[in-house]
Visitor: 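Sharing a structure here in structure tokens format.
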Amino acid sequence: MRSNTMADESNQVRTLLPFDSEAADERYDALTRIARRHMGVTTAAITLLDGNRHIQRSCSGPTFGTSLQRVALIAELADNEATLAVPDTLADNRYRHHPLVIQSPFIRFFAICAMRDTDGARLGTLCLIHDRPRQFDNDEFEALQDIGRLATLVVRQYHSPSTPTESAHRMALAIDGSGIGIWDRNVQTNEIHYSVGWKAILGYSDSEIGNRITDSYKRVHPDDLSYVQATIQAHFDLKTTSYEVEHRLRCKDGSYKWVSSRGKVVSRDMDGKPLRMIGTTTDITALRALSNTLQETVDLMTSLTDEVPGLVFQYRRFPDKKTFFSYASAGIKDIYEIDAAQVASSADILDTIIHPEDLAAYHSSLEESAARLEPWQFDYRVVLPKQGLRWRHGSAHPQRMIDGSTTLHGFITDVTDRKRAESELQIFASTDFLTQLPNRRHFMVELEAELARMRRYKGKSAAILMCDLDHFKSINDKWGHNVGDLALRHFANLLRAELRNTDVAGRLGGEEFAVMLRCTESDEAGCFAERVQLRLMETPLITADYTISLTVSIGISAANGDDHDASSPLSRSDTALYRAKTAGRNRIEHF
């Protein structure tokens with residue numbers, strides 16, 4: 001980074017004189033457009049000083065009202081440096097706490113070129129703003145100074161209290177040193193006059209280039225000539241308000257340079273035919289090379305991301321809830337079965353793809369991430385025409401933009417197999433393999449949850465039943481463990497058939513089963529137990545070789561909010577079960 005510090009008189013300010021506003025603003029607007037486009041920034045602006053007031057004269061890119069005028073105040077914090085570039089404001093102790101950095105417009109990079117009169121008095125500021133950190137190389141720094149010199153010329157021409165001769169002299173000197181060429185074309189005589197600076201761009205001295213327009217076209221690259229001539233003709237025919245092209249010109253040494261040429265017809269005859277045209281030519285070879293390099297990088301990144309299984313994306317979210325994907329890799333076709341073009345202007349189509357039960361939580365998670373600027377992590381389901389129901393996992397990092405919107409850079413991938421595996425593991429961890437009823441651990445979790453509910457809602461109760469198949473050991477001893485397993489599954493199926501949707505049954509171990517009947521009193525639980533006993537007696541176990549009659553003993557107790565934990569009502573039911581078994585089995589006992 002380089003800077004030029006002005007002398008003591010730099011603190012002087014100039015009071016602006018009346019000026020041709022329309023002509024001046026046209027030139028200011030042209031300069032800010034050139035600066036924004038060629039420097040690759042979000043916003044380029046020119047502010048002028050009138051006494052101690054900052055006046056915004058031109059802005060290309062997002063504008064921020066009065067806050068943009070305050071951007072010029074940053075120059076006053078820069079120790080009177082004439083040219084300054086700050087790569088990252090948050091990493092610079094001078095600016096990291098500045099309101100324009102930590103609040104809207106959230107400036108992350110800025111560059112400033114001060115405009116001064118010949119006596120050193122401050123005239124205004126050319127300011128470049130970007131919403132992300134970036135570095136300025138020497139060529140870009142020089143380009144900023146060149147554009148700043150041209151802006152200074154306009155200020156001096158239209159505002160400074162100088163004589164016309166002095167103003168013209170100053171402009172000529174500034175143009176010669178600006179690195180930007182000026183041309184003046186006489187359309188009727190087919191002559192064109194070039195400034196010394198224009199000729200220097202191509203490596204020629206002042207006397208080495210003639211004024212014939214036919215010679216000028218010979219210097220244009222053959223591939224660009226028809227485009228250049230067509231663009232000029234369109235402006236001659238009043239189809240465009242100005243002439244603007246980027247093309248290649250042959251230098252003295254035979255090489256080609258990329259230039260940006262802008263011009264305008266300044267006089268026409270009574271029939272509207274052009275008489276005189278004036279314009280500028282700027283060397284953009286370095287910027288073009290940088291642009292090509294960036295494009296190659298973009299192409300490479302696009303190729304890489306398109307090969308990644310899943311969706312790589314950049315998602316914009318505005319305060320008014322408008323959303324769209326500013327970038328979506330080819331993986332969007334697999335993730336959502338749509339094209340990137342369908343979400344380029346609006347992401348509303350996703351509301352028809354995301355599972356209705358997950359949609360509200362999906363939007364809420366994005367809103368929270370954008371509001372807190374915290375990473376977004378979310379699992380959700382989609383319903384797709386070809387793939388059906390699938391699970392997706394989204395992950396992204398948010399960044400606040402200068403216009404108040406939020407950009408999320410992230411990745412969405414298919415996690416259906418993972419979710420299926422998690423579900424299977426959950427079932428495996430909570431289910432008895434033999435009977436497919438909940439195992440002891442899961443039953444106790446359900447009972448603890450019911451006790452917690454009863455503590456919150458006083459007066460509620462539940463019935464707990466302990467069931468034990470009678471003489472089960474003798475079944476194993478007489479017919480073998482395989483038949484014993486069949487007997488357990490047989491009873492589990494009969495028991496499951498008697499349950500309501502709100503009830504829970506589980507195998508606690510061996511031939512012992514437990515049942516929780518929610519919102520059930522003792523007499524209702526007794527009726528349930530009788531139905532189970534009756535169905536078991538009426539439905540013997542039938543194997544290929546045997547028909548085995550089974551009976552069951554049942555103990556019943558009530559669970560309530562006063563129980564310390566799940567083991568308390570279960571222990572009472574077990575006591576009642578013991579009484580049923582010692583009293584002869586195939587009985588029902590209440591605690």
Visitor: Can we call the ring centroids of W479 and Y546 under 6.0 Å apart?
Guide: yes
Visitor: Mind listing the side-chain donor-acceptor pairs of residues 480-490 below 3.5 Å, one per line with the distance, residues two or more places apart or on another chain?
Guide:
residue, atom, partner, partner atom, Å
H490, NE2, T539, O, 2.7

Visitor: Taking only residues at least two apart or on different chains, which pairs with a member in residues 498-517 satisfy ring pair (Phe, Tyr, Trp, His ring centres under 6.0 Å)?
Guide: F491-F513
Visitor: Could you tell me which residues satisfy salt bridge (Lys or Arg N to Asp or Glu O under 4.0 Å) with R441, sequence neighbours excluded, listed by chain and number?
Guide: none
Visitor: Can you list the steps and then say if T32 with R37 is a side-chain hydrogen bond (donor to acceptor under 3.5 Å, both in side chains)?
Guide: CA-CA 8 Å; T32 54; R37 182 175 65 252; over 6 Å; no
Visitor: Using the side-chain hydrogen bond (donor to acceptor under 3.5 Å, both in side chains) rule, collect all pairs that involve residues 346-358, keeping only residues at least two apart or in two chains.
Guide: S346-D348, D351-H363, E357-R381, D358-R381
Visitor: Excluding sequence neighbours, so at least two apart, what forms side chain to side chain donor-acceptor pair (under 3.5 Å) with R420?
Guide: D417
Visitor: For the ring pair F324 and Y315, is the centre-to-centre distance below 6.0 Å?
Guide: no
Visitor: Sorted by first residue and then second, give each salt bridge (charged side-chain N to carboxylate O under 4.0 Å, His left out) pair with at least one member in residues 463-472; sequence neighbours left out.
Guide: D468-K581
Visitor: Only counting residues at least two apart or in another chain, list the ones meeting salt bridge (Lys or Arg N to Asp or Glu O under 4.0 Å) with K322.
Guide: none
Visitor: Side chain to side chain donor-acceptor pair (under 3.5 Å) with R134: which residues, sequence neighbours excluded?
Guide: E140
Visitor: Are E450 and R518 within salt-bridge range, i.e. N to O under 4.0 Å?
Guide: yes
Visitor: Does F110 have its ring centroid less than 6.0 Å away from the ring centroid of Y95?
Guide: yes
Visitor: Tell me, please, which residues at least two apart from D414 pass side chain to side chain donor-acceptor pair (under 3.5 Å).
Guide: R390, R392, T416
Visitor: Partners of S60 by side chain to side chain donor-acceptor pair (under 3.5 Å), sequence neighbours excluded?
Guide: none
Visitor: For F528, what residues pass the ring-ring contact (aromatic ring centres under 6.0 Å, His included) criterion, not counting sequence neighbours?
Guide: none
Visitor: Residues two or more places apart in sequence or in another chain: which of them pass side chain to side chain contact (heavy atoms under 4.5 Å, CB included) with D523?
Guide: E521
